[in-house]
There are 2 protein chains.
Amino acid sequence: MATARTSTTDAEQGSAAQRDRRRRILEATLALASKGGYDAVQMRTVAERAEVALGTLYRYFPSKIHLLVSALALELEAIQDKLSRKPIPGDTAYDRTLYVLNRVTGALQRDPMLAEAMTRAFMFADPSASAEVNAVARLMEEMFTRAMHDGEPTADDRAKARVIGDVWLSNLVAWVTRRASANDVVNHLELATRLLLH
Amino acid sequence: MATARTSTTDAEQGSAAQRDRRRRILEATLALASKGGYDAVQMRTVAERAEVALGTLYRYFPSKIHLLVSALALELEAIQDKLSRKPIPGDTAYDRTLYVLNRVTGALQRDPMLAEAMTRAFMFADPSASAEVNAVARLMEEMFTRAMHDGEPTADDRAKARVIGDVWLSNLVAWVTRRASANDVVNHLELATRLLLH
DNA sequence: AGCCGGATTAGAACACGTTTCAGTTTGAAC
DNA sequence: GTTCAAACTGAAACGTGTTCTAATCCGGCT
């Protein structure tokens, strides 16, 4: 209970040097993604910037998808961490959910290229990365479930949270591909939340 | 009113030879995707099988994504066509929607590799393919909107149809990446539909 | 200190999406 | 039938994700 670590599924093992390499790699990934999106995250460039050999990068992350989805998990954890620092405002599940949705959406929209890189990776992932993808999916579901109210969620709460997560993902994709504006996204999320939570 | 053509956004132009090339290309794409999924749809292979030069393939479809999403639109149209041939059974919007969902989901699950290829392409699409992606999105929305009841849909109907489409897409992705079983998908869809349509 | 096995490195090599180019074919206008 | 632009072809070439290899490095063991 003493350590307040980022409890990524498998982050804290290996020597200090190895943990540092992993950190450098993810750092480089986020920096490149933030500047140029999915295409700018080139494996050679990541390796160079993280000061590891290309082969080493592939030892840590077996594909570009694994790499980006792991980075996404890291980001989501950071967001969730910040969220859980203050209690969620709002009296109704509707208000609280909308608050969380806006916070998360805002965080992504503040860094569109990063959002693009991570969303495309998440959506393109094949079964070999399903562990990483599942970790992210669980994080999302948990975030929206907690939003509804404090205490134990019912099965119904979970179902609603999942639907909201689905709508959120779809809209994220639409926004990233410029089929929907930031405003569209906010409106659709609000509408969907209202439909689900009265 | 005489022609009962497949009214794809832009399918019916050019000489007969051109229409035939386009048809052969899409045919080859569907065959390859059906056999081996996204990875098996290799541009050189498609070109060879359609008996056109690689450059010609790229003249018709500027990227693998455009190609696959166009093929998806074609498939969706076919499904919708078959659907509209018989009236949708069910007395309530809930029943009717579930019927349509099961029909569409079933069609995709009957050809998992094809579903994988088209879903991944749809989700990975970048803004350059947004026209094609939008065409598909519109088809989906229309299908679910029509499912609710006959006649003009209200704004509320549309919103609900969109949410259902979002849930459907998310579950399709989860199924394709083997994070969810066919059964999971059916259950989640039913649950979401119930939540939305009472 | 010397040894060992796994981790790391630099770099070549391979696969496939995409681009480019020089030459040929096609078909519409005259 | 000739002419011309656009479409098509075959083939080479490029970029980036991924794999492979031989050499070197590192940390723990005796």
Side-chain angles (χ1 to χ4, degrees), chain A residues 10 13-26 28-29 32-33 35-71 116-118 120-129 132, chain B residues 10 13-26 28-29 32-33 35-71 116-118 120-129 132:
Chain A
D10 62 344
Q13 47 192 324
S15 70
Q18 285 173 327
R19 260 179 283 117
D20 198 56
R21 270 190 209 100
R22 192 187 154 90
R23 189 190 51 70
R24 290 205 309 274
I25 289 172
L26 288 168
T29 302
L32 288 168
K35 179 166 301 184
Y38 186 87
D39 289 338
V41 181
Q42 303 192 353
M43 299 306 269
R44 292 175 233 266
T45 315
V46 172
E48 197 180 334
R49 184 148 180 166
E51 297 185 279
V52 298
L54 189 54
T56 305
L57 172 52
Y58 272 96
R59 166 181 290 273
Y60 281 74
F61 299 95
S63 80
K64 177 168 175 174
I65 295 294
H66 288 78
L67 175 58
L68 279 168
V69 176
S70 299
E116 186 256 8
M118 305 204 293
R120 307 242 332 259
F122 182 87
M123 294 281 111
F124 191 59
D126 63 76
S128 79
E132 284 78 1
Chain B
D10 61 343
Q13 47 193 326
S15 69
Q18 285 173 327
R19 262 180 282 117
D20 198 55
R21 271 190 210 100
R22 191 187 157 91
R23 189 190 51 70
R24 290 204 310 273
I25 290 172
L26 288 168
T29 302
L32 289 168
K35 179 166 302 185
Y38 186 87
D39 289 338
V41 180
Q42 301 191 355
M43 299 305 269
R44 291 176 233 263
T45 314
V46 172
E48 197 179 335
R49 185 148 178 164
E51 297 183 280
V52 299
L54 190 52
T56 305
L57 172 52
Y58 273 95
R59 166 181 288 272
Y60 281 75
F61 300 96
S63 80
K64 178 168 174 172
I65 296 294
H66 287 77
L67 175 58
L68 278 167
V69 176
S70 298
E116 186 256 6
M118 304 204 294
R120 306 240 334 258
F122 182 87
M123 293 281 117
F124 191 58
D126 63 73
S128 80
E132 283 80 0

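In what follows, every chain begins at residue 1, and chains take the letters A, B, ... in the order their sequences are listed. Below, each value reflects all heavy atoms present in this structure, side chains not excepted, and no hydrogens, waters or symmetry copies.
- Distance NE2 (B:His66) to C1' (C:dT18): 13 Å, rounded to an integer number of Å.
- For the pair B:Asp20 CG and D:dA7 P, the interatomic distance rounds to 18 Å; values are reported in whole Å.
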Given side-chain contact (heavy atoms from CB on, under 4.5 Å), test B:Gln18 with B:Tyr60 step by step and report yes or no.
-> CA-CA 9 Å; B:Gln18 285 173 327; B:Tyr60 281 75; 3.3 Å; yes
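- Atom CG of B:Asp39 is separated from atom P of D:dG17 by 15 Å (rounded to the nearest Å).
- Within the nucleic acid shown, A:Glu51 comes within 4.0 Å of sugar-phosphate atoms alone, with no base atom in reach, counting heavy atoms only.
- When distances are taken from the side chain of A:Ala53 to each of D:dT9, C:dT9, D:dT18, the shortest belongs to C:dT9.
- Mapping A:Met43 and A:Gly55 onto DNA chain D by nearest heavy atom places A:Met43 closer to the 5' end of the strand.
- Among the nucleotides C:dT18, C:dT9, D:dG17, the one closest to the side chain of A:Tyr58 is D:dG17.
- A:Arg44 places its CZ atom 7 Å from the C1' atom of D:dG17, with the value rounded to the nearest Å.
- Across the protein-nucleic acid pair, A:Asp126 atom CG and D:dG17 atom P stand 15 Å apart, rounded to whole Å.
- No N or O donor and acceptor, one from the side chain of A:Arg59 and one from the base of C:dT9, sit under 3.5 Å apart.
- Rounded to whole Å, atom C1' of D:dG17 lies 11 Å from atom CD1 of A:Ile65.
- Counting non-hydrogen atoms under 4.0 angstrom, A:Val46 reaches nothing in the nucleic acid.
- Projected onto DNA chain D by closest heavy-atom contact, A:Pro62 and A:Gln42 fall at different nucleotides, the more 5' of which corresponds to A:Gln42.
- Here B:Tyr60 reaches the OP1 or OP2 of D:dC8: one of its side-chain N or O atoms lies under 4.0 Å away.
- Nearest-nucleotide positions on DNA chain C place B:Tyr38 closer to the 5' end than the other of B:Ser15 and B:Tyr38.
- Of the listed nucleotides (C:dA10, D:dT9, D:dT18), D:dT9 has the atom at the smallest distance from the side chain of B:Arg21.
- Figure legend: cation-pi geometry between A:Lys64 and A:Tyr38, with NZ or CZ positioned under 6.0 Å from the six-membered ring centre and within 45° of its axis.
- Ion pairing between a basic and an acidic side chain is recognised when a charged N comes within 4.0 Å of a carboxylate O; A:Glu116 and A:Arg120 show such pairing.
- Here the side chain of B:His66 pairs a donor or acceptor atom with the backbone of B:Ser128 at under 3.5 angstrom.
- Rounded to an integer number of Å, the gap from CZ of B:Phe61 to C1' of C:dT18 is 16 Å.
- Here the P atom of nucleotide C:dA7 and the CD atom of A:Gln18 are 7 Å apart, to the nearest Å.
- Distance alone, capped at 3.5 Å, places no donor-acceptor pair between the B:Lys35 side chain and the B:Ala40 backbone.
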